[in-house]
Amino acid sequence: MKKVNITVNGQTLTANFEENATTAALLAQFPLTLPMLNLYSRELTYRFKQALPADEARTSGYAVGDIAYWTPRHSFVIFYRQTREVISDLQKVGHLNGNLKQFRTAGNVEMTFAEA
């Protein structure tokens with residue numbers, strides 16, 4: 001596991017990133033600031049122009065705080081609300097610790113990712 005600091009609205013949260021090809025591709029771009037879209041009242045998302053490697057993508061559910069990469073739209077996602085949906089082509093990246101309820105009303109946000 002790799003520790004990653006995620007800064008949003010002046011607050012720094014800590015995430016644990018798994019060791020896989022997707023994570024390695026993301027870490028190679030850190031520090032990275034992304035405009036995250038607040039979508040579906042459940043997730044913050046950024047869509048990369050180019051695909052990231054995702055050798056372990058599969059159909060699965062998610063937990064609040066999970067960080068994932070959805071391969072069809074090259075979407076980097078942080079789930080902040082549970083809808084019990086099962087999603088295909090999802091590559092787990094890590095998990096964000098802390099209270100994520102703030103994102104339910106946050107709208108779109110800018111997030112900065114850096115290795116801790």
Side-chain angles (χ1 to χ4, degrees):
M1 292 287 208
K2 295 269 188 184
K3 291 242 186 257
V4 172
N5 288 332
I6 301 172
T7 305
V8 58
N9 296 329
Q11 179 184 11
T12 300
L13 305 168
T14 302
N16 295 315
F17 275 36
E18 298 180 14
E19 293 185 25
N20 57 46
T22 308
T23 297
L26 285 166
L27 292 175
Q29 299 181 54
F30 284 8
L32 183 62
T33 300
L34 300 174
M36 303 290 284
L37 300 173
N38 199 325
L39 297 177
Y40 317 118
S41 299
R42 74 166 184 220
E43 67 190 58
L44 296 168
T45 302
Y46 176 78
R47 294 186 179 125
F48 286 98
K49 289 183 173 103
Q50 300 294 324
L52 298 176
D55 302 335
E56 300 168 29
R58 61 186 176 89
T59 298
S60 70
Y62 63 89
V64 170
D66 277 356
I67 302 170
Y69 175 70
W70 188 54
T71 61
R73 300 225 31 210
H74 311 159
S75 298
F76 178 61
V77 180
I78 299 173
F79 294 101
Y80 64 81
R81 185 172 162 266
Q82 182 58 258
T83 62
R84 308 258 184 255
E85 185 174 355
V86 174
I87 302 169
S88 62
D89 301 312
L90 198 62
Q91 168 72 51
K92 297 287 174 100
V93 173
H95 190 81
L96 179 58
N97 306 309
N99 183 356
L100 305 183
K101 289 181 181 178
Q102 65 181 314
F103 298 125
R104 289 184 182 187
T105 58
N108 299 339
V109 295
E110 188 172 271
M111 295 183 134
T112 300
F113 300 82
E115 287 192 65

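- For residues 48-75, the pairs satisfying salt bridge (charged side-chain N to carboxylate O under 4.0 Å, His left out) are Asp66-Lys92, with sequence neighbours left out.
- Annotation: ring pair (Phe, Tyr, Trp, His ring centres under 6.0 Å) contacts of Phe103 (sequence neighbours excluded): none.
- A search for side chain to side chain donor-acceptor pair (under 3.5 Å) contacts involving Gln29 returns nothing, not counting sequence neighbours.
- Every pair passing side chain to side chain donor-acceptor pair (under 3.5 Å) that includes a residue from residues 105-116 is listed here, sequence neighbours excluded: Thr33-Thr112.
- With sequence neighbours excluded, no residue satisfies ring pair (Phe, Tyr, Trp, His ring centres under 6.0 Å) with Phe17.
- In this structure, Ile67 is a member of the same hydrophobic cluster as Val64, with clusters built from ILVMFWY side-chain heavy atoms closer than 4.5 Å.
- Contacts of Gln11 classified as side chain to side chain donor-acceptor pair (under 3.5 Å), with partners at least two apart in sequence or in another chain: Gln102.
- In this structure, the side chain to side chain contact (heavy atoms under 4.5 Å, CB included) partners of Arg81, at least two apart in sequence or on a different chain, are Ser41, Arg42, Thr83, Arg104.
- Not a single side chain to side chain contact (heavy atoms under 4.5 Å, CB included) links Glu19 to another residue, sequence neighbours left out.
- Side-chain contact between Leu26 and Phe76: present, with at least one pair of heavy atoms (C-beta onward) separated by less than 4.5 Å.
- Scanning for side chain to side chain contact (heavy atoms under 4.5 Å, CB included) contacts around Ala116 gives Lys3, Asn5, with sequence neighbours left out.
- Note: the hydrophobic cluster containing Leu96 also contains Phe30 (ILVMFWY, side chain heavy atoms under 4.5 Å, direct or indirect links).
- Val86 belongs to no hydrophobic cluster, as no Ile, Leu, Val, Met, Phe, Trp or Tyr side chain comes under 4.5 Å of its own.
- When the side chains of ILVMFWY residues are joined at heavy-atom separations under 4.5 Å, either directly or via intervening members, Leu27 and Ile6 end up in a single hydrophobic cluster.
- Applying the ring-ring contact (aromatic ring centres under 6.0 Å, His included) test to residues at least two apart or on different chains, the pairs with a partner in residues 41-67 are Tyr46-Phe48, Tyr62-Phe79.
- If you chain together hydrophobic residues whose side chains sit under 4.5 Å apart, Leu100 and Leu39 never meet in one group.
- The side chain to side chain contact (heavy atoms under 4.5 Å, CB included) test applied to Ala54 returns Thr22, Ala57, Tyr69, Thr71, Gln91, not counting sequence neighbours.
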